Amino acid sequence: GHGGKRFEVTGTPDHRYPIIRDGERLIVRGFQLRPGDVLIRGAVAPAPETPVFSDDLVRLVAWYSADGTLTGTERHPGQIRIAKSWRRNPGATARMVAALTGVFGPPRESMLPGTGPAWRMERQERGMLVAVLNSAARDVLLSLVPGKSKVIPRSFVDKLTGSQREAFLAAWMDSDGERGRTLLQREAARLDAVEYAAILFGRPVRRFTRESSGFKAGTMHGLSIGSVPTAVVMGVRETRYTGEVWCPVTETGTWLAREPGGWTEYTGNTAWAISEEGIKRIRPYLACIADALTRGFLRPAPTKMGIRDPE
């Protein structure tokens with residue numbers, strides 16, 4: 001299970017699972033699973049070695065998507081404002097300021113036209129610190145995260161190095177994380193890039209929806225990011241199932257699935273393929289079946305249809 005909670009996976013006896021057994025990576029069938037085997041729930045994907053963006057810009061994109069606001073309209077955008085409570089989260093606020101400073105320099109008292117990308121800081125009485133970006137700084141972020149919905153394109157995540165994936169996730173958790181590893185947003189699509197980055201970084205994830213009260217009242221879309229990329233098999237049992245059985249075909253024979261509780265895991269597909277040795281054993285039976293079909297159906301059928309010379 002994850003975080004002390006159990007989860008169940010259902011598959012056919014011939015379904016293949018990538019596992020770790022006694023320190024060795026194997027692919028076994030369902031009927032070969034046994035307690036103590038380790039299921040793989042996360043695997044680090046290859047990442048670019050040369051950074052396209054600075055680390056501070058990667059963090060700032062995460063901060064903006066999670067906690068920022070774009071005034072105006074999509075056609076006529078106004079200011080970008082990013083707010084954080086310096087009373088409740090002084091450490092996170094300091095990291096947000098550090099990212100802004102790394103990208104646009106220190107905050108300015110005034111931002112006259114023609115000064116280039118810049119930002120100023122507003123301290124509000126209720127303990128909020130608000131970073132206000134001028135139009136040039138705004139356009140830097142909008143070139144990467146277009147539109148008022150603040151949905152980060154998947155292509156942005158594809159360009160992150162391995163360490164930047166980690167920095168991106170950490171910034172999201174800094175800005176929006178609840179209890180360390182859960183994010184809540186009103187727009188589900190805003191979590192897609194975070195989920196994608198977590199999967200590439202080798203973390204299991206879970207999506208969910210819940211009704212919230214208080215400051216975040218209403219329907220909220222959630223993403224939990226696990227810290228343990230494996231799960232130990234506690235037991236294996238047979239169950240009767242009469243529904244549909246399906247599995248995708250992939251180049252590697254493995255794929256990322258989501259179990260009923262919402263958590264992800266790597267799995268395989270049903271091992272229907274027959275080995276060369278297996279074909280040798282069943283070849284006589286296949287010949288008998290083919291001969292019976294030919295004699296009992298293929299040859300009589302054309303004659304019944306009025307074909308004089310079926311050969």
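All figures in this text were calculated on a predicted structure; none of them were measured in a lab. Quick note: numbers below take in every heavy atom, side chains included, and nothing from hydrogens, waters or symmetry partners.
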Between [Y] and [X], is there a side-chain heavy-atom distance shorter than 4.5 Å?
X      : Y      : answer
Trp263 : Ser224 : yes
Ile19  : Val38  : no
Pro153 : Pro146 : yes
Asp55  : Gln164 : yes
Thr10  : Tyr241 : no
Gln32  : Leu26  : no
Thr101 : Trp119 : yes
Met220 : Arg186 : yes

For the student: nearest non-hydrogen atoms of [X] and [Y], plus distance:
X      : Y      : answer
Ala83  : Met128 : CB-CE, 3.7 Å
Ala66  : Gln185 : O-NE2, 3.5 Å
Arg41  : Val228 : NH1-O, 4.4 Å
Ile152 : Phe156 : CG2-CD2, 3.7 Å
Ala137 : Ala118 : CB-O, 3.5 Å
Ala193 : Phe168 : O-CE2, 4.0 Å

(request) For the pair Glu187 and Lys150, evaluate side-chain contact (heavy atoms from CB on, under 4.5 Å) and give the outcome as yes or no after the intermediate values. (result) CA-CA 9 Å; Glu187 187 165 343; Lys150 303 183 301 175; over 6 Å; no

Look only at the side chain of [X] and the backbone of [Y], and say whether a donor-acceptor pair between them is shorter than 3.5 Å.
X      : Y      : answer
Thr252 : Thr254 : yes
Ser65  : Val61  : no
Lys148 : Gly72  : yes
Asp37  : Arg34  : yes
Trp255 : Gly268 : yes

(request) Show your reasoning for whether side-chain contact (heavy atoms from CB on, under 4.5 Å) applies to Arg138 and Gln79. (result) CA-CA 7 Å; Arg138 172 204 68 200; Gln79 294 178 331; over 6 Å; no

(request) Take Phe208 and Arg206, measure what side-chain contact (heavy atoms from CB on, under 4.5 Å) needs, and give me the verdict at the end. (result) CA-CA 7 Å; Phe208 61 92; Arg206 180 173 72 97; 3.8 Å; yes

(message) Is it the case that over 12 heavy atoms from other parts of the model lie below 6.0 angstrom from the CZ atom of Arg258?
(response) yes

Quick check for you: to the nearest 0.5 Å, what is the distance between [X] atom [atom1] and [Y] atom [atom2]?
X      : Y      : atom1 : atom2 : answer
Glu74  : Ser149 : CD    : OG    : 6.5 Å
His221 : Leu183 : NE2   : CG    : 13.5 Å
Arg237 : Leu33  : CZ    : CG    : 13.5 Å
Arg88  : Thr93  : CZ    : OG1   : 10.5 Å
Arg190 : Glu195 : CZ    : CD    : 15.5 Å
Leu133 : Leu142 : CG    : CG    : 9.5 Å

Side-chain heavy atoms nearer than 4.5 Å, only ILVMFWY residues, links allowed to pass through others: does that put [X] and [Y] together?
X      : Y      : result
Leu57  : Val151 : no
Phe104 : Leu144 : yes
Val145 : Leu100 : yes
Ile225 : Ile40  : yes
Ile82  : Val140 : yes

(request) Give the intermediate values and the outcome of side-chain contact (heavy atoms from CB on, under 4.5 Å) for residues Leu200 and Tyr196. (result) CA-CA 6 Å; Leu200 294 179; Tyr196 182 47; 3.7 Å; yes

(request) Please determine if Arg165 forms a cation-pi arrangement with Phe201, meaning its NZ or CZ atom is less than 6.0 Å from the six-membered ring centre and no more than 45° off the ring axis. (result) no

(message) If the threshold is 4.0 Å, N to carboxylate O, is there a salt bridge linking Asp192 and Arg207?
(response) yes

(request) Please determine, by modelled atom types, if Thr219 and Glu211 share a side-chain donor-acceptor pair under 3.5 angstrom. (result) yes

(message) Test question: given the 4.5 Å side-chain rule for I, L, V, M, F, W and Y, name all other residues clustered with Ile289, or answer none.
(response) Leu293

(message) My understanding is that only one of Met96, Glu122, Lys84 makes a side chain to side chain contact (heavy atoms under 4.5 Å, CB included) with Leu129; could you say which?
(response) Met96

